[in-house]
Asker: 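There's a structure below that I have some questions on.
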Amino acid sequence: TLWVAYALANVAALLSHYFGGFVVLAQALYFGVFWWRHRVDGREWVASQLAAGLLLAPWVIYIWSALQRTGDLVSRFGIGLDTIADRVLRAFSLGMSVAPKDAPTLLFGFVVLALIGLASLRTLKGAFLGLYVVVPVLVTYVISFAPQVDWPRYFIMASPGFYALLARGMSVLHKGLPFLGLIGFLTVAVPSLVSLNNYYFDPRYARFDFRGQMAEVEAPNGKQEAIIVNDLRQEAFSYYYKGLKPYSKVPREGVEGRPEIEAELARLAAGNEALWLVKYMPPDYDPDNAIERWLAFNAYKVNDNWVQNIHFHYYLAPKLDLTRGGPNYRPFEASFDDNVTLLGSAFTGAVLHPGDTLGVALYWQVRGRVPQDYKVFIHVLDAREDKIAQSDSQPVVDFSPTTSWKAGDVIEDKRGLRLSKDAKPGEYRVLVGLYSGATGARLRITPSDGSPGADSVVAGTIMVEP
């Protein structure tokens, strides 16, 4: 009966955490040491492992392709074992709500108690808890992991062994002298209270504000809007979504290949005035960036908020004809240095209100090779040159770098801008130009007479009304 329970516990560990298998590995190493010392009958242990493997086989088959994709994307990015040990010890002892400069002092008692606990155990018991702590950390380090903001969570499976050592150390002190036991307790309790105080009352350690961001996503603004979400397991979506706006999961069963994804996005854009993309990272949830790429070329990206590992993108999907030569197109030619000409522009509206969004389509013509990557800036300025909106990125919101352009190309560059809520009524100029992302130096317009040119062009004007 105990071996059956052990097999089921191993299955539960692996189903609860991808790295739960490293604890099972630590136990297997311990059993090997135990078997070597005592030459016990190991058939029941082997049978329990085989049973656990058979129970897990359907799950492994189901997730294998996803694990392979994730494995291709993860990397330590130079995180050393010493950094991992420091962060893991802090995470297990205090949490991450203590400043690194204060951590060594507060961690001292935890380390001493754990070492006392380890030293007090007989050889095999000490080996068991030592392996329980060390093996998951070392194996996770060796196979690598995605270094997201909260990466110490990958090592959490090793924490029960650490807590057992702390408890053992405190017990040893208490049995020796109750006063020492009290000191041991205080070396854990006082730093923990400092950490908890920071966690609950210091804004620097507040949780990521998914609630506020999702409230913005679902807030009514007079537009017909829909939400695109690429993974329903997101905490931000599954927990905080209130059902105030419709959503579509992309990709999903039947909408997995790039043509199907693009057709679904086109359907959503045609039926709405604006779209929210709630995109869970890492990139394996949209491996070829099909969702963002289509929206970059076919909608008008207004903003991009990053909360923990989730991006919240907002796009306009206007029904106006903003094509080159269309009724809203304003032609002009501004020939910049380095073989780039701005042919004209089109706006989603000429009259707006404070807080409104403006969609801008720019049309760039390439005269020859562009020697470096330039960023496009759009500034909306009043008569005093004060900005009420701006956009800065490589063309097509970073999806069409200028070094990829070829002579003769005409690039349609769409982007959105949100006007300041404090914008005063009046006429505003929309200035457009290019600048080097490396130096910040702006490209100049080349006048026909060879004189020094301006570094921006007025692409049009808008009126802001109360």
Asker: Taking the side chain as every heavy atom from C-beta outward, state whether W364 and V340 have any atom pair closer than 4.5 Å.
Answerer: yes

Asker: Please answer whether the main-chain N or O of V40 pairs with a side-chain N or O of H38 as donor and acceptor at a distance below 3.5 Å.
Answerer: no

Asker: Suppose we call two aromatic rings close when their centres sit under 6.0 Å apart. Are F128 and Y30 close by that rule?
Answerer: yes

Asker: Taking all non-hydrogen atoms of both residues, which atom of L131 and which atom of P136 are closest, and how far apart?
Answerer: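 Looks like O-CD, 3.6 Å.
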
Asker: Should we say atom CG of L193 is surrounded by more than 12 heavy atoms from elsewhere, each under 6.0 Å from it?
Answerer: yes

Asker: If I compare all heavy atoms of N198 with all of S97, which pair ends up nearest, and what's the gap?
Answerer: ND2-O, 2.8 Å

Asker: Quick check for you: to the nearest 0.5 Å, what is the distance between R258 atom CZ and R293 atom CZ?
Answerer: 5.5 Å

Asker: Please tell me if the side chains of F155 and I84 come closer than 4.5 Å, counting only heavy atoms from C-beta onward.
Answerer: yes

Asker: Counting only N and O atoms by type, is there a donor-acceptor contact under 3.5 Å from the side chain of S16 to the main-chain atoms of A12?
Answerer: yes

Asker: Do the numbers put R442 on top of the ring of F377, so that NZ or CZ is under 6.0 Å from the six-membered ring centre and no more than 45° off the axis?
Answerer: yes

Asker: I would like to know whether Y435 and L443 meet side chain to side chain contact (heavy atoms under 4.5 Å, CB included); could you show each step before the answer?
Answerer: CA-CA 6 Å; Y435 66 95; L443 279 182; over 6 Å; no

Asker: A side-chain contact here means heavy atoms from C-beta on lying under 4.5 Å apart; do V464 and I388 qualify?
Answerer: yes

Asker: Looking at residues at least two apart in the chain, or sitting in another chain, which of them share a side-chain hydrogen bond (donor to acceptor under 3.5 Å, both in side chains) with D209?
Answerer: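 For D209 there are no side-chain hydrogen bond (donor to acceptor under 3.5 Å, both in side chains) partners, ignoring immediate neighbours.
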
Asker: So which heavy atom on F399 is nearest to which on P401, and how close?
Answerer: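 Closest approach of F399 to P401, heavy atoms only: C-CD, 3.7 Å.
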
Asker: What's the shortest heavy-atom distance between Q372 and T403, and which atoms?
Answerer: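 Minimum heavy-atom contact is C-CG2, 3.3 Å.
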
Asker: I'd like to know whether Y199 forms a side chain to side chain contact (heavy atoms under 4.5 Å, CB included) with M96, so could you lay out the CA-CA distance, the side-chain angles of the two residues, the decisive distance to 0.1 Å, and finally the verdict.
Answerer: CA-CA 9 Å; Y199 183 78; M96 305 311 293; over 6 Å; no

Asker: Measure the spacing between NZ of K301 and OH of Y314 and express it to the nearest 0.5 Å.
Answerer: 14.0 Å

Asker: How long is the straight-line distance from CZ of F22 back to CG of L14, given to the nearest 0.5 Å?
Answerer: 9.5 Å

Asker: Could you walk me through whether L89 and F162 pass the side chain to side chain contact (heavy atoms under 4.5 Å, CB included) check?
Answerer: CA-CA 9 Å; L89 180 60; F162 179 74; 3.8 Å; yes

Asker: Ignoring hydrogens and angles, tell me if any N or O in the side chain of E218 forms a donor-acceptor pair with the backbone of K242 under 3.5 Å.
Answerer: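 The answer is yes, because a donor-acceptor pair under 3.5 Å joins these two groups.
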
Asker: Taking the side chain as every heavy atom from C-beta outward, state whether E225 and L275 have any atom pair closer than 4.5 Å.
Answerer: no

Asker: Report yes if the side chains of V217 and F237 come closer than 4.5 Å at any heavy-atom pair, otherwise no.
Answerer: no

Asker: Donor-acceptor pair, distance only, cut-off 3.5 Å: does the side chain of S404 make one with the backbone of S400?
Answerer: no

Asker: Treating N230 as the side-chain partner and Y280 as the backbone partner, does any N or O pair qualify as donor plus acceptor under 3.5 Å?
Answerer: yes

Asker: For the atom pair CD1 (I227) and OH (Y247), what is the distance rounded to the nearest 0.5 Å?
Answerer: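 I227 atom CD1 to Y247 atom OH measures 9.5 Å (nearest 0.5 Å).
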
Asker: Is it the case that Q27 and Y6 place a side-chain donor and acceptor less than 3.5 Å from each other?
Answerer: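 Looking only at side-chain atoms, Y6 and Q27 do form a donor-acceptor pair, the distance falling under 3.5 Å.
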
Asker: A quick test of your reading: do over 12 heavy atoms of other residues, nucleotides or ligands sit less than 6.0 Å from NE2 of H311?
Answerer: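 More than 12 within 6.0 Å, yes.
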
Asker: Quick check: does any side chain N or O of K223 sit under 3.5 Å from a backbone N or O of N272, one acting as donor and the other as acceptor?
Answerer: no

Asker: Where does the angle between the aromatic ring planes of F31 and W3 fall among parallel (under 30°), tilted (30 to 60°) and perpendicular (over 60°)?
Answerer: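 If you compare the ring of F31 with that of W3, the planes turn out perpendicular.
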
Asker: Within the distance-only criterion (no hydrogens, no angle test), does the side chain of T402 pair as donor or acceptor with the backbone N or O of Y374 below 3.5 angstrom?
Answerer: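 Flag set: sc T402 to bb Y374 pair under 3.5 Å.
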
Asker: Should I183 and T187 count as side-chain neighbours, where that means a heavy-atom distance under 4.5 Å?
Answerer: yes

Asker: What donor-acceptor contacts under 3.5 angstrom involve side-chain atoms of residues 98-118, with partners at least two apart or in another chain?
Answerer:
none

Asker: Verify side chain to side chain contact (heavy atoms under 4.5 Å, CB included) between H313 and V278, making sure each step is shown before the conclusion.
Answerer: CA-CA 7 Å; H313 307 270; V278 182; over 6 Å; no

Asker: How many angstroms lie between atom CD1 of I261 and atom CZ of R252, to the nearest 0.5 angstrom?
Answerer: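 Interatomic distance, I261 CD1 to R252 CZ, rounded to 0.5 Å: 10.0 Å.
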
Asker: Both conditions, 6.0 Å and 45 degrees, for the charged tip of R39 above the ring of W35: are they met here?
Answerer: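 Positive - R39 is close enough to the ring of W35 and near enough to its axis.
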
Asker: When you measure from the side chain of S195 to the backbone N and O of P191, does any donor-acceptor pair fall under 3.5 Å?
Answerer: no

Asker: For the side-chain hydrogen bond (donor to acceptor under 3.5 Å, both in side chains) test, which of N309, D231, N289 pairs with K279?
Answerer: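 Output: one option passes, namely N289.
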
Asker: Specify the closest pair of heavy atoms between R415 and S393, including all atoms of both residues, with the distance to one decimal.
Answerer: NH1-OG, 3.0 Å

Asker: Taking the side chain from K414 and the backbone from L295, do they hold a donor-acceptor pair closer than 3.5 Å?
Answerer: no

Asker: Can you find a heavy atom in the side chain of F312 that is under 4.5 Å from one in the side chain of V307?
Answerer: yes

Asker: So which heavy atom on E264 is nearest to which on V255, and how close?
Answerer: CB-CG1, 3.9 Å

Asker: Under a 4.5 Å cut-off applied to non-hydrogen side-chain atoms, are R369 and K406 in contact?
Answerer: no

Asker: Just wondering, more than 12 heavy atoms not from R43 lying within 6.0 Å of its CZ?
Answerer: no

Asker: Out of curiosity, L196 CG to D202 CG, how far, rounded to the nearest 0.5 Å?
Answerer: 13.0 Å

Asker: Quick check: does any side chain N or O of N298 sit under 3.5 Å from a backbone N or O of W294, one acting as donor and the other as acceptor?
Answerer: yes

